[in-house]
There are 2 protein chains.
Amino acid sequence: MLRLSKLADYATVLLVHLGRHEGLATAAALAVETGVPEPTVAKLLKGLASNGLVLSHRGARGGYRLSGELEKVTVAAVIAAVDGPIAITACCDGRECEHSSLCGLSGQWDVVNDAILSTLNSITLADMGRHAERLTRRSPASAPVAPVGTEKSSIADAVS
Amino acid sequence: MLRLSKLADYATVLLVHLGRHEGLATAAALAVETGVPEPTVAKLLKGLASNGLVLSHRGARGGYRLSGELEKVTVAAVIAAVDGPIAITACCDGRECEHSSLCGLSGQWDVVNDAILSTLNSITLADMGRHAERLTRRSPASAPVAPVGTEKSSIADAVS
DNA sequence: TAATTCAAGACTTGAGAAGTCCTGATTTGT
DNA sequence: ACAAATCAGGACTTCTCAAGTCTTGAATTA
C-alpha cells in the first residue's frame, strides 16, 4: 500500500513539535501536547536519541531537545531513523530476491526507490511544519489533483 | 516502512511479462514463468482485469493479455489498481486524522504524497522492463548512492 | 537520599497482507 | 450436445509485523 508506518508519522510530529519547544521537553509533556500515547512517545524518542536526531538529558528536569535545526533534518532521515533504510521492496538496494532469476525486473525497483528517496530528501521538517499554525485544513479547491492514485476502484476493494 | 505490498510487486512483474507475450497467456502459464504462486497469480489477474489493465478471455484457449502498451501504463497505475489509492498516511488526500487538532502538520503529508505520486506516474512498465534481459544484477559500482536511507542503524533494529 | 526522567528490552495484541480453496459462469473443440 | 479448459467471484485461513504496553535499571538533580 506504500504506506508510511504510524511510528514514522508520529516521529515527524514529535520532532516538529520539539523544534518549536524552548529548552527541554519530557516524553510525558510531548505526549500530552501531541496526543500521541505516552509509552509510544517514550519508545520513539529513545530511538531517535540513539540515532542522534534528538539529544536526551536524564534525571530531574531532564528531557529531550532537537540536536539540530528543523531546516537541516529531512523527512527521509526521520523515516530511516524510525523504520530503517527506505526500501519499497525486499529486493531493493542490492538485497537478493528469491525470484530474481524469473522476475525479469532485475533491480528496476531501485530506480523507483531512488526517485522516492531523493524526493524525501528534499523535504525538511521545517517544510513539514510550515503553514501548520492552524489552517484547520487545506481547502479542497487548492488540492493538487493527482492523475492516478485517487481513483476509487482497486483490486483490494474488489477482491479481498 | 514505506514498503510496497508484495502483491503490487508481483503485479508489476506479471504485467511486464504479459507485455512481452504473444497472444494470450493463462494464469497457470504465467505462474510457472514468473515463479509467483498460481493462486496468487489468478487472484491478481482477476483484479487487474476488473480494473481494465488486462483483458481476459474465458474458456478453452482463453487467458489474459495486456489491454494497452507497456509504455502507457505507469507504476502508479499498477499500485493503485492492486492496493487502492496511494496514500502514505491515513490523513492524506482529505481524509481526516484523529489528532488533526494537535499534530500540527495539517495536510503537509499531502505534499510528500503528491511528490511521490508524480514520481510514480513518471515511470512506466516499459521503464521497469528495460535492461531486464538478464544483467544478472546491477553492478554495485553503478549503484546510485542515496544520502539517507541506506544507513545501517535504525530504531527498528535498536528498539524492537 | 529521594524524586525524576531517560535507557533498554521483553512481551502482548491486533490488523491486515498474503495465500488457499471452492463454486459457478463462459468459451472452445470434438 | 458434451466435455474440457479457463476465468469470475468470493469466502476463508494463516501468518507476519506494526503498534502498543510493561518492567527493571541507570543517571541526574535538588
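Keep in mind it's a predicted model, so treat the numbers as computed, not measured. Numbered from 1 within each chain, the chains take letters A, B, ... in sequence-line order.
There is no side-chain donor-acceptor pair under 3.5 Å between B:Thr89 and A:Asp9. No side-chain N or O of A:Asn121 forms a donor-acceptor pair with one of A:Ser118 less than 3.5 Å apart.
Ranking D:dG20, C:dG19, D:dA8 by closeness to the B:Ala49 side chain, first place goes to D:dA8.
Atom NZ of B:Lys6 is separated from atom P of D:dC15 by 13 Å (rounded to the nearest Å). In this structure, B:Arg3 places its CZ atom 9 Å from P of D:dC17, rounding to the nearest Å. Atom-to-atom, OH of B:Tyr10 to C1' of C:dA17 comes out at 11 Å; the value is rounded to the nearest Å. Rounding to whole angstrom units, CG of residue B:Leu44 and P of D:dT6 are separated by 19 Å. As rounded to whole Å, 20 Å separates atom P of D:dA5 from atom CG of B:Leu45. Between the P atom of D:dG9 and the NZ atom of B:Lys43 lies a distance of 14 Å, rounded to the nearest Å. Spacing between atom CG of A:Leu30 and atom C1' of C:dC6 amounts to 13 Å, rounded to whole angstrom units. B:Leu48 has its CG atom 14 Å from the C1' atom of D:dC7, to the nearest Å.
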Quick one: do B:Val36 and B:Leu30 satisfy side chain to side chain contact (heavy atoms under 4.5 Å, CB included)? Show the steps, please.
-> CA-CA 8 Å; B:Val36 178; B:Leu30 281 172; over 6 Å; no
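A heavy-atom distance below 4.5 Å is not found between the side chains of A:Leu48 and A:Tyr64. No side-chain heavy atom of A:Asp83 sits under 4.5 Å from any side-chain heavy atom of B:Leu2.
Considering only side-chain N and O atoms, B:Tyr64 lies under 4.0 angstrom from the phosphate OP1 or OP2 of D:dA8. Residue A:Ser5 places at least one side-chain N or O closer than 4.0 Å to OP1 or OP2 of D:dA19. Remark: A:Ser56 is in phosphate contact with C:dA7, judged by side-chain N or O atoms under 4.0 Å from OP1 or OP2.
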If the sugar-phosphate is the primed atoms plus P, OP1 and OP2 and the base is the rest, what is the B/S/- string for nucleotides 22-30 of chain D, using protein heavy atoms under 4.0 Å?
-> ---BBBBS-
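Listed by chain and number, the residues in a side-chain contact (heavy atoms from CB on, under 4.5 Å) with B:Ala115 are A:Thr119 (sequence neighbours excluded).
The salt bridge (charged side-chain N to carboxylate O under 4.0 Å, His left out) pairs that include a residue from residues 53-69 of chain A are A:Glu69-A:Lys72, where partners are two or more places apart or lie in different chains.
Using a 4.0 Å heavy-atom distance criterion, B:Ala27 is classed as a sugar-phosphate-only contact.
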